Amino acid sequence: MNEFVNPTVEYFELSPLLVVFAAACLGVVVEAFVPRARRHLVQVVLTLLSLAVALALVVVVALEFSGGDSDAVHGDGAAYGVVAAVGSVVVDGPTLFIWGLVLVLALLGAALFAERRLEAGVSAFSGQASAAPGSEAERVSGVERWEHTEVFPLLLFAVLGMLLFPAANDLLVLFVALEILSLPLYLLAGLARRRRLLSQEAALKYFLLGAFASAFLLYGAALLYGYAGSMEFGEIAEAVRNRTDGEGLLLVAVGMLAVGLFFKVGAAPFHAWSPDVYQGSPTPLTAFMAAATKVAAFGAILRLFYVALGDDRTSWLPVMWVVAILSMVIGTVLAVGQSDVKRLLAYSSVAHAGFILTGVLGVQSQSELAIGELSSVEAVLFYLTTYGLMTLGAFAVVSLVRDAGGETTQLSRWAGLGKESPLVAGAFAFFLLAMAGIPLTSGFVGKWAVFSVALAAGAWPVVLLAVLMSVVAAWIYLKVIVLMYFRQPDGDAPVVAAPSAFTATAIAVTLVATLVLGVLPDPLLDLVASAGEFIR
Amino acid sequence: MELYTPVLALVVLAAGFAIASIGMAAIIGPKRANKVKLDAYECGIQPTPQPLGGGRIPVKYYTVAMTFIIFDVEIMFLVPWAIYFDELAWFGVIAVLLFLFNITLAYAYEWRRGGLDWD
Amino acid sequence: MYTAADGALSAFGQDPLWIVIVKAVLIFLVLVLLTLFNIWFERRVVGRMQHRIGPNVNGPFGLLQSLSDGAKLMFKEDIIPKAADTVVFLLAPLIIVVPAFVTFAVIPFGPEVNLFGTQTPLQLTDMPVAVLFVMAIASIGIYGIVLAGWSSGSTYSLLGGLRSSAQMISYEISMGLALVAVFMYAGSMSTAEIVEAQDDLWFGLILAPSFVIYVISMVGETNRAPFDLPEAEGELVGGFHTEYSGMKFAMFFLAEYINMAMVSALATTLFLGGWKAPWGVEHLWEGANEGYWPVLWFFGKLLLFIFMFIWLRGTLPRLRYDQFMAFGWKVLIPGALGWVVLVALVRVMSLENTFDRGTLVLVAAGAVIVAAIVLFWPSRSGGAEEPTARPVVVTGDPAFPVPLMTAGAVRGAAAPLTFGAPGGTPTTVRGESGPGDDVRTSTSQEEN
Amino acid sequence: MSDFPWLTLLILVPLVGALVTALLPAGNGALAKKVGLGMAAATLLPAVVVAANYSLGGGTQFTETHDWISLFGAHYALGVDGLSLVMVLLTVVLVPLVMLASWDESDEGNPKSFFAWVLGLEAMSLAVFTATDVFLFYVVFEATLIPAYFLISGFGREGRSRAAAKFLLYQLGGGLVMLFSVIGLYVVSADAGSPSYLISDLAALDIDETTQRWLFVGFFIAFAAKAPMFPLHTWLADTTEKATPGTSVLLVCVLDKIGTYGMLRFCLGLLPEASQWATPVVVILALVSIVYGAFVAIGQDDVLRLIGLTSLSHFGLIVLGIFVLSGDGGSGAVFYMVNHGISTAALFLIAGYMIRRTGTASIARMGGLEKTAPVLAGVFLVAGMAAAGLPGLSPFVSEVLVLIAAFGYAWWAGAIAVTSIVLAAIYILWTYQRTMTGPVKQELAGVVDLDRREVATVAPLLVALVVLGFFPMPVLDVINPAVDDILSHVGVVEDPPAVDTQAATDEGADQ
Amino acid sequence: MSVTPFIVLSAILFTIGAVGVLTRRNAIVVFMCVELMLNACNLALVSFAKLHGNLDGQVAAFFVMVVAAAEVVVGLAIIMTIFRTRRSASVDDASLLKY
């Protein structure tokens, strides 16, 4: 029995996490003790405030790191940061960047959660989730204008998981973070105010498949532990470097881990859940989830595969190739026939997962990179930023187009939207152009970045395919734009509801970001570059 | 592992006894079954009609099950701490207090929102 | 990590096979006999309490009454209702009775003795997680109850089974929490070591609240009066074993009494010093804890608990279900939690000598006050949260223990609501059976 | 003077014009049109300044270089050499004319957005022609598609949105394939040191052969789709048929030039060895384009479609001129780009007037127009003869240069290319005959002749055709140094003996 | 004692669970299969901990249990809502998410 040593916790570096966690707990207390009438206000303030504070703390921590060293050190992609909480969590450049990104997305997502004007004074979430659809209880909850304000603490918990996920330096923390991230999302998916059957089904599907995938991840983790004798990434990397036997075990372990992670990012062939879930979930949640989950999960993928399994590249790169290609092809091809906006965006997010994976598989060792050349981490982080912002914005726009039954996600009902509301249709068209990767939008710069790293690493077949798929995808988005601008509405046109400041801000911010990152991406790229490498 | 072999002996013994006695009863006992006898007994009245597929279980039981799981897991964490209490000393106490605090939050929430009310 | 070679556990795992078998058979016999005795004991005591005589015909003082009852059951018809799930129905009594026996494997009856020439402890086996083992195995019994209730194909059985499981798991928590304090003091979960740790002071004294909580919980755990709701004959006929007859029924009965004995034995072991003679006896009589004498102390204490069970049954009326659950969840669990925290704080302070004794007392007092507040404050205001929050249920559904009814059930999807303008009446919307469906909406209401 | 960012101003004026026009209050079409035309005219000013201050043979001038995306090695870098200058001038001249020509026609749609998109397209095209950074070039290259798409799908005849989608898909497909090569250039330059997208930096690189070939294929496909060339031409006829003639002018006369411009600038300028390697294939494709385009044009019944397909033939000649890799060919090709721009623009505009008058685009349903509208018939004949390469009109000069170079490359190439003159005469004259001569058809009796505005739009073009036909030297003087510069990369010195070129190409083909 | 049999057992359990998830249609059963998979993971973790002689795996098993518990709670809540909707329109009395 070893002598017990008190673990140390780097409270300062982990403060963004702790703030979010504390706020989430506080949110639960608010639910318990604040009268119903005031809950919404209190929760919104608490959520936005805590996320903003956490974001500020991320900046403070980042400044602290750069204060210690000279900027030149950060510029050339060197790793910096701390291994915190006894080796279980790493706070380094990429972590901080992802934290910042997740928090920004969470702030925007929370703004969408707080939107009440679209539903005539109540939120987009169910008044009483336990009331069966069509029952007397539901009627009462509607008349009483009840709301589930629990969505805010749930959101915060999910954000906590998303912050922990990419920072995990330990298989166990990785798994736990995955679950912290997922469980609130499962619940939130089932809380739509309208179309509750759909929503509940989405939640069930998301949950069952999600749990299935996490079981795979866990078994992979167990096997990897069996291979390396430790859960810590550093020691796993050590084992991967030095061990000569047990290749089979390692291969199976990596495969299973990959399944779990690919599921989370919605990469084909593990994407089956995403169209259903995206469609059924309340749109504010879809917006947040589509954006932030992918960011966090790719952060985790990067760290796991680069740090822990970096020396086993030959065995997992082919898998990445296949998955990237499949995701792009399936996501794009299946998007062709979609008649629902949310499903369309869902399939496009599958394709985007493929594009991001293209960046991931463009990994090169430090020595292979020229000075000032884009590294794969940088490319992926940049793409994640652009993708997250434009997806969130696109879904936010979706939540505005409504008719008597709530949101109108049927594509055919969007015909003539350009005449109805040029502004909203324009914003949506712009997001679609960005997703298609048209130059002068952030999507183009992102695509350029991931393609270039993949090409530099010699993955030209993937890039070629990615390019071809971009064409098909562009055609799909174009169809929607044509529909909005050049088609007459059949029957009564959908109405674009006037959003409150919350949604309006979210759309405006994402729109501006998408444009600015397309025209002047340099500041963000510099930031990404200064994030440097992972600590190993 | 030898610590568990005796358990096995006891299991075999108990199971053997139970099977033997039930089996014996089945052999010895009279068999004069009729239709009414094979109906659900309840308390002699006409049996409640059985819903298709076994029927539903009142929701309350699920909530009890859910809450139970949370607390049971809590105990799972308290037990190792309790055993190594002396070595962990203050660190352990503070960690467990934080842990319990979080559980208490959920508990307070459930209590306040009627999760622990049985009509 | 513990291995079998450590500490008090070193005595275990060394026995030759024949000794193991002998001990196992002995335990088995003791349990069967104890059950027979307990049933007789209960009937006699309750009879006495109710100014009756109780069974006194078969054997001396009617001692063989239980045996004859058992023999009679053996010759009863073995009925399997046609609605039952046969396999599970047959398996359930087994699932319930085997764990009941097995838990006794780790109960220490006495110190090392000479058994047929072999030096061996009066305990079948022990393990580093013995108490946890008991809890775990005992939990398996819950499956037996639920499965018995479910497989019977009878409404009352199912409800009985469910109630029983809900009750047992509820009280298991407070039981587990009560044990945490014991582990803290004993520093082990091995039963033998816990007994050893109580050499000078019973945990039942220094950890009195834990003891009390444990005792209450154990009554709940065993479904005994006043917590015998699963078998509340006024509501549920016989509860989960309504449909069982003959020897299968006897198995349930047997399991219940063995479980009673088991929790009593555990209480004895954990709180009352196990097989050790009561405090003081040792000073008067050197050999009190030697040889086979401790078996006497052990069974004495055990029977004390059994008597308490009977006493409770004879005295107290059955609780209402909501009272019972509320008591468990709102009093026992927070109480146990608060107590664990208090014990931890006091113990760590005394370990580290952080404060002198006076401060310690003050802090302890403060903690007690805090605990009291935590315990009682929410329950006062916890009822109706807000006056506006009307109960939703207006259709006059039966209260909690509802029988399974499908009358009026609607198959397929129910219609969701749309919400009209404020003040308007909600209208229902048909459709929405799956993704991709067109949204057909009512035209009358529109919020935009 | 040269410190002032004239080129930025050149791009900015139409861009701002587009925004201003788009943001004008709705419903006021007349104001929008005036503002739009004013901005287009204002664009002429910086263009004239640039042209006036351009020193012949001075290499790339008016350069502006700023870091844009440092991590990508991308710059905001502009500059003009002779090649760029003529393209810029062509663009700034054609745009106001198109606007003027579409003055009334645009009223049928939404004139505000039409003028805004035209200005947007002008800004992007100017940026394409002046960009000296590959990344910037690519970005604006793709960005031209957006205004072009909206111009096609928003204005014109029934079925335009399908045509627009086809157009966009071809262009986007080509563009994304080019992206592959653009990224490849990045990788190459990053491997060689630090990444940079400046054309000057890239030209200095020594790229290995296999890589060059891959990159070449990417670039060439994009430019071939843009130009267009057989077999990537199928969008052309559909688009010109469905779009308004004004839009077609911009597409065919300005936008498509980007394709041939890019072949010169990037394929030859950056990837010389690969260009030599690919020459046989490209030449054959060009020849196929020439003949195929002409034959298909002959069979057309739709005027606009016909003109579109003649362009396919002309572009074949241009590409041929570029890829025979000789001084004559290069100069001829660039000059041809200008001439084709002018003559085809005139043809499209006149055809537009015809269609407005007759209410049909079908050749079979016209006839005898020269009696009712003699001016129309006259200008159509002049423009048509220019397109057919009549001596004395400027396309003749360029065509001869290209043909000479083609014969220099291989006799069969020259022989096939020459057929274009015959075929062009057929399709132009036959069209003229069917539409203008013969008895006046009943329903066309009331056709009026061109009004002054319409004449004013066509006249400058016809004048330019004639003037450049007799005095091509001012333009050739501008072009030649730039072409020589580019060809020197490929290893072609001014006026090389034909044998050497032959040898060089054979060598390339053998590899 | 070799841990191989335990690993093999865990693999078998995991496979059974996975196959169950993929083939069964009842949400509860699928859910149980997922839990089985998690427990198979636990077995593997503990076995490997024994193999390597460190405690990481055992600690992990603890956390997995917690996570499994949380998953049960969330999963039951979701499945319950669905079942109530699909099987009956009658109003059940209060539940956790009542207010």
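Below, each value reflects all heavy atoms present in this structure, side chains not excepted, and no hydrogens, waters or symmetry copies. In this text, all values refer to a predicted model and were calculated from it rather than measured experimentally. To find a chain, count down the sequence lines: A is the first, B the second, and so on, and within it residues start at 1.
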*Quick one: which of B/Val93, B/Leu13, B/Leu78 has the most heavy-atom pairs under 4.5 Å with chain C, could you say?*
B/Leu13

So what's closer than 4.5 Å to chain C heavy atoms on [X]: side chain, backbone, both or neither?
| X | answer |
| --- | --- |
| B/Ile22 | both |
| B/Val11 | both |
| B/Ile19 | both |

*Would you say C/Gln323's side chain and C/Arg320's backbone share a donor-acceptor pair under 3.5 angstrom?*
yes

Can you tell me which portion of [X] sits under 4.5 Å from chain B's heavy atoms? Options are side chain, backbone, both or neither.
| X | value |
| --- | --- |
| C/Val106 | neither |
| C/Met74 | both |
| C/Pro99 | neither |
| C/Phe324 | neither |
| C/Val20 | side chain |

*When the ring planes of C/Phe327 and C/Tyr171 are compared, do they come out parallel, tilted or perpendicular, using 30° and 60° as the limits?*
tilted

_Determine whether C/Lys248 and C/Leu90 satisfy the following criterion, side chain to side chain contact (heavy atoms under 4.5 Å, CB included), listing intermediate values before the conclusion._
CA-CA 8 Å; C/Lys248 293 202 290 295; C/Leu90 287 174; 3.9 Å; yes

*Does the side chain of B/Met76 reach to within under 4.5 Å of the side chain of B/Asp72, using non-hydrogen atoms?*
no

_pair B/Pro6-C/Lys23: side-chain heavy atoms closer than 4.5 Å_ = no

*asked:* Taking ring pair (Phe, Tyr, Trp, His ring centres under 6.0 Å) as the definition, give me every residue that meets it alongside C/Phe101, ordered by chain and number, with sequence neighbours left out.
replied: C/Phe28

*Does a sphere of radius 6.0 Å around CZ in B/Phe99 hold more than 12 heavy atoms from other residues, nucleotides or ligands, not counting ones at 6.0 Å or beyond?*
yes

*With respect to chain B, which residue among C/Gly246, C/Ala181, C/Ala326, C/Ala24 yields the maximal number of heavy-atom pairs within a distance under 4.5 Å?*
C/Ala24

*Give the member of C/Ile173, C/Leu177, C/Leu337, C/Leu254 that has the highest number of heavy-atom pairs under 4.5 Å with chain B.*
C/Ile173

*What residues, two or more places apart in sequence or in another chain, satisfy side chain to side chain donor-acceptor pair (under 3.5 Å) together with C/Gln123?*
C/Thr191

